[in-house]
Every structure is written in C-alpha cells, then in structure tokens.
Protein chains: 2
Amino acid sequence: MSTIKDVAEAAGVSIATVSRALHGQPRVSEATRRRVLTVAADLRYVASPSAAGLATGLTHAIGVVAPFVNRWFFAAIVHSAEERLRRAGYDLLLYSLGTEAEERRRAFSGALLRKRVDGVLVLGLHPAEDEVAALSAAGGPVAIVGKDVPGWASVRIDDRAAAGCAVRHLLDLGHRRIGFLGGETDDPLGSTLPGDRRAGYHAELSGAGLPADPALEAVGGFTVRGGYAAAERLLQLAHPPTAIFAASDEMAIGAVQAIRRAGLRVPLDVSVVGLDDHEMAEVMDLTTVAQPVGAQGELAAEMILTALAEPGRPLPAVTVPTGLVVRGTTSRPTRRS
Amino acid sequence: MSTIKDVAEAAGVSIATVSRALHGQPRVSEATRRRVLTVAADLRYVASPSAAGLATGLTHAIGVVAPFVNRWFFAAIVHSAEERLRRAGYDLLLYSLGTEAEERRRAFSGALLRKRVDGVLVLGLHPAEDEVAALSAAGGPVAIVGKDVPGWASVRIDDRAAAGCAVRHLLDLGHRRIGFLGGETDDPLGSTLPGDRRAGYHAELSGAGLPADPALEAVGGFTVRGGYAAAERLLQLAHPPTAIFAASDEMAIGAVQAIRRAGLRVPLDVSVVGLDDHEMAEVMDLTTVAQPVGAQGELAAEMILTALAEPGRPLPAVTVPTGLVVRGTTSRPTRRS
DNA sequence: CTGAAAGCGCTTACAG
DNA sequence: CTGAAAGCGCTTACAG
C-alpha cells in the first residue's frame, strides 16, 4: 500500500506538494498537479484516513445512532442519509443499539462517538437533557429525526396532527367506535412518538364529542406481529370497534391480516387506517397517512453537512408535511356501532 | 477533549504507562493501573482512533458493502452482524451502493475501503474475479454472504436446493402448472442468486417430467410491487398456473395480494410459496422455505473476527440449512391444470 | 515496573 | 510555486 512518500518520490516533489495537489489547493502549478495526480492514480494511492484525521482532527465520518436498522423506517432513513453523505465524501458509521439501556447510555455519553465522527445523526431515540448535553459535548453537530431538540438540528413530522388526520378520516366516514393500536405506555426507547400519536387520536375523538374508551386501545409495539395480536384482542371485545387506527403501517398490516383471519372483511366489517405509507402499503391497498421518509433522511444528512460547512449558522428545525392517502381499507361502517 | 498526555500528567506517569494500563497489558503494577483507570474515567478519556490507527495500522472497523440497506434481507444481516461486531469492539462502516456500476467499481477496487477498515463483509453482490483480487489486496479478510467465493470466507444457503424444495412441495400437492417469479435474466448486481433459484425451479420440474413453459415465468425484481405486477401477468394467461413459486417472500407477498385483487382465493384458486421466511411471512400465513438470516449475519461477522485473530487459518465456507414451512397459502389444486 | 524516544502518514503554517 | 519541519496522539520496542 503506497503512502504519500511513495507518490512524492515517484513524482519528484515533496510530500507537501503532493498533499496540496491532491486536495486541489492553489499554489501548485498545473504541470506538477497533473504529474502528481497521474502518479497517485498509477500507484493506486489512497490517503490514510487515520493519518489525515490525526493531522486535521476531522474524520470525515458521520455516526448514525438508531435502535434498529432492520425496521422499515430506520432502514429507509439510513439508506437515504447514506446516499447523501457519500456524495459529500463522508463515511457512515452505524450504531444499532437495540433497546439495551447500557448501550444507549454509552452511545449518548459520547464514549462511542468521541474523536470518531465529525457529526451525529440520531434516529428513533429521544434523549434526556443530560444526554443531549453529553452528545453535543462529544463534538460536532447533531441532527435528529423524529423530534424537536433544542441545540440540535431536527426534521420530523407532526405526529399528533398526522394521527388526528387518520382518525378524522374515520370520523368523516361515520365511524364512532374507533380502536387504537399504539406502543407501550412506557416506551423503552424514551420516544415521545407513541405518546404523541396517541394524543392525536384522543384529541380528535374528543373534538368530535366522543368519550375515550380505554378498552379500545391495545399495544402493538409498532411491529406487524404486535399489530396482529393487538387487533385480535380488540375483535374479541363484546362491543368491538368498527374501525381501527394503527399508529404505524406495520401494525396496520398486521391488523388487516388479523381481521381477515377472524373471518371478517376489510373494510366492510372493520376499516383500518395506518400511518407512514410503508413501502408495502400500496400493494396492501392500505389507507394511511403518508410521511416522506427518504426526504427526511436526506434532509437530516444535509443539515449535518451544512452545519459542518458553516459552523456559525443556527441549526434548523423542520417539520415536513404528511397527507392522507385513501386506499381500500377504509369505508363507511356497515353495522351500527 | 482530553488526550493521553492529560491522563499521564494527572496520574503522574508517562504516556507509555497510560497506554499499557489502558490496554490491560502486563508489566504495569496493579496500583498504577488502578490509578490510571480512575484518572482516565474522571477525564472521560477516550483514545483517538485516528492516532491509534496510525500507530498500529488497525482501524477496528469493518466495512459492510451492500446494494441496499432498506431491503429486509440486507437490513437483517446488517443488524445481526453489527451486534456481533460491536460486542468485539469493532465499528461498522456502511457502504450502501445502490445499483450504480460506478459506485460498485469504486467499492470493489478497494478505493473506498483501503486503509479504512480491517476487514470487509460483502452482501448481495457477487464480484468478478478481478474484483475479488482487488478487494482482497485492499487489505484484511473478506467474508461474503450468499455466494461461495474462493479466497474469501462465505456463508450462504443452497439456493438451487431451496428453490427445488419449494417447487417439490407444490408438485407433491398435485400441481402441474407452476408459475415462477424471479429476477431479471441479466441481474444488475451480477448476483447468481436469481439464476440459481430459477435453476432449482427448472430442475425440479424436469425431475417430475414436466416441460418448462417460458410463459409461466415472470420477472418480479425481488420486490413486493414487482411480485404483484408479475403475478398479475401470469393470471392473465389463457392458461394460468394453479400455483406460483416466488423466488423471494417479498415477491410472494405481492403475488398473494395480486391474486386476491383479481377476485381469486389463495390457496383455493392459486397456491403461493415463497423463499426466505420474511418477518411478515408468518402474519401473512405464507408457506415458504425458511433460511436463517440473523444467523448468517452473525456467522459472517464471526468469520471476519476469527480471520483477524488467527490470520493463518483457512477461511471457512459454510452452507446453512433451509427448510419448508407449510402455512396457509398452499393447498391441493381445485381445478384441473 | 516504568520512561524516553522513534515512528505511524498525513496537513499546514512558515520560509524562501 | 515548492520544500523542510513541526505536530497531530497514539503504540511499542528498547533501556534501565
């Protein structure tokens, strides 16, 4: 593996000149630059990131911290962020933490990230105040997807409004007994998302003058399987709902299967509306409230890059719009509720 | 951000002693070691990976190269590999290349990975011979999932056999007109997987004395949407199949939806069998040939770690078993084919 | 058991 | 326009 010294010798210049030529800096004659570039290519020279990082204090890497990568939303965000970062010449270090408190603590303390990345992208984890301070101190700008955090750049949707939009659609269709599939009361990730979507459901119901019935709420854990099981439970009620709002499409997909397996029809017997516009939603013909996922990943990456390029600038906090997509899993209720 | 020098001064020792103490090396008295550890913790000292990397030539990072991360199989592999690597103290650098030839070339030439990682994990990309040589030369052991590559560690399933198993199940049920959903003839990733699964389908048919009918094969591109569209096409044939083997569960899920949308019943009118045991397969009640995904990711990670720890050892090539999981999307044919 | 020193491969003022 | 040299923060023989 060739070093800058090899290139310098082969090109007959000093290593300082090689460095300058390779970085497209001024004060290098066109002739030398070309010679250096040619020699470097011939030697398949690639600068050592370790050495460059030590000299500059910059790693040209961004850390992405998420609870999982194998969940549609996170995977989609990572994919789009990676693409944007790579185009800018940044590497992506992936920290998939799971739900372990210890791992989470290490990541947010900065022990994992310090001196290792130039910036951080946080997904699906909502840090406490001391965690915000610690991670900020670990160095570099931080962008977060899904929540508005003072001091960090952020991109998110309005979860309350999105949930309200889904429920309003069911109300408009004439449903009065509307079930809810959400997360656990005590979210293991400390995320406010489950609570916000639930609040949107409650607000919309009460806006329509309907009482909240705790029996109509079930925990689906934001997974397909969890949504299936939760919907099963709602269907067994003496007075089951005529419609279900699932706080994520994955739960909604599970719910649709459970309803069918129970011998009922969707939407004739039970309507289902999700939230996300998951990649499978269209094929499943699922009515849902769509959020732009790829755009959020790209935007968050962009925010980090901008913060890196212009350190003075205030960090943006953007809320991206959501919109109802009516497909085939919702209709007017056919039985009285 | 504190450096090793800060720790050394605060502990009243040399930086060499700090380094040794922190690495748990011998020839440091228990008393000094404890003092150093305490001071380092107080100062929230974290060694600079750049500096350590420059001194040792080791980055303690593994590169993961895949065409996508937002596809179930790749996301699941990345997730399990990440967990194993993190436990061993390695970082994971993600290179999600998409299908662009240029990106692929750069990654396999080693330009992206050289001096940056200690080893590489390749997913879903099947390199040509010169690419194997180039990436191997870029340094460090390479493990690949999905194909057997001489010179690299590998873990995979027997794609032909798995596909054959799925088709045999349909034959055993009495189906004679069996459709196939696969990839494009000219796979953009250069993967042999689509061809292998198709070959398994053909082999099983001809073993049963059935002729191959090109009209029964459709391209689904290994996506849900693609499977949906491909199944639609097969259903419009003058003489449609009574069963469909989809070479991936994602296509199978799409096919099930397409069949239902066409007003037909699964499995009564058309049986469907997939391959993967996707996380949604159970809820979808999909009959499939299961492959252990998390295990493959962990095993591949393990192989890299072993190769790093014991450079002499020959690199293993493991084929993991698959198995038919009969669920509700397959049954005996009810019409004559 | 401990320290002084060399060296890893870059970048970047500073001279010229 | 170009080069010599310092310095980034570690690790690791080599002495003692």
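Here is the naming used below: chain letters follow the sequence lines, and residue numbers restart at 1 for every chain.
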**Fill in**
5'-most contact on DNA chain D (nearest-nucleotide basis), B:Arg20 vs A:Ile15, goes to A:Ile15
**Prompt:** Once you round to the nearest 0.5 Å, how far does CZ of A:Arg87 lie from CG of A:Leu85?
**Reply:** 9.5 Å
**Item:** Residues that A:Glu302 engages under salt bridge (charged side-chain N to carboxylate O under 4.0 Å, His left out), provided they are two or more places apart
**Value:** A:Arg84
**Prompt:** Using 30° and 60° as the class limits, which term best fits the ring planes of B:Phe108 and B:Trp152: parallel, tilted or perpendicular?
**Reply:** parallel
**Prompt:** What is the nucleic acid contact for B:Thr32, judged by heavy atoms within less than 4.0 Å: base, sugar-phosphate only, or nothing?
**Reply:** sugar-phosphate
**Asked** When you measure from the side chain of B:Ser19 to the backbone N and O of B:Ile15, does any donor-acceptor pair fall under 3.5 Å?
**Response** no
**Fill in**
DNA chain C nearest-nucleotide lookup for B:Pro26 and A:Lys5: closer to the 5′ end is B:Pro26
**Fill in**
Outer limits of DNA chain D sitting under 4.0 Å from a non-hydrogen atom of chain A, read 5' to 3', are D:dC1 to D:dC10
**Prompt:** At what distance, to the nearest 0.5 angstrom, does CG of B:Asp118 lie from CG of B:Leu93?
**Reply:** 10.0 Å
**Prompt:** Are the side chain of A:Ser136 and the backbone N or O of A:Val132 linked by a donor-acceptor pair below 3.5 Å?
**Reply:** yes
**Request:** List the steps and the verdict of salt bridge (charged side-chain N to carboxylate O under 4.0 Å, His left out) for A:Glu102 and A:Arg106.
**Result:** CA-CA 6 Å; A:Glu102 174 57 20; A:Arg106 282 189 60 208; 5.4 Å; no
**Asked** Checking all strands, does B:Gln25 fall into the base, sugar-phosphate, or nothing category for heavy-atom contacts under 4.0 angstrom?
**Response** sugar-phosphate
**Prompt:** Within the distance-only criterion (no hydrogens, no angle test), does the side chain of B:Ser96 pair as donor or acceptor with the backbone N or O of A:His79 below 3.5 angstrom?
**Reply:** no
**For DNA chain D, the dot-bracket pattern of Watson-Crick and G-U pairs whose distances stay under 3.5 Å, | for other-strand partners** = |||.||||||||.|||
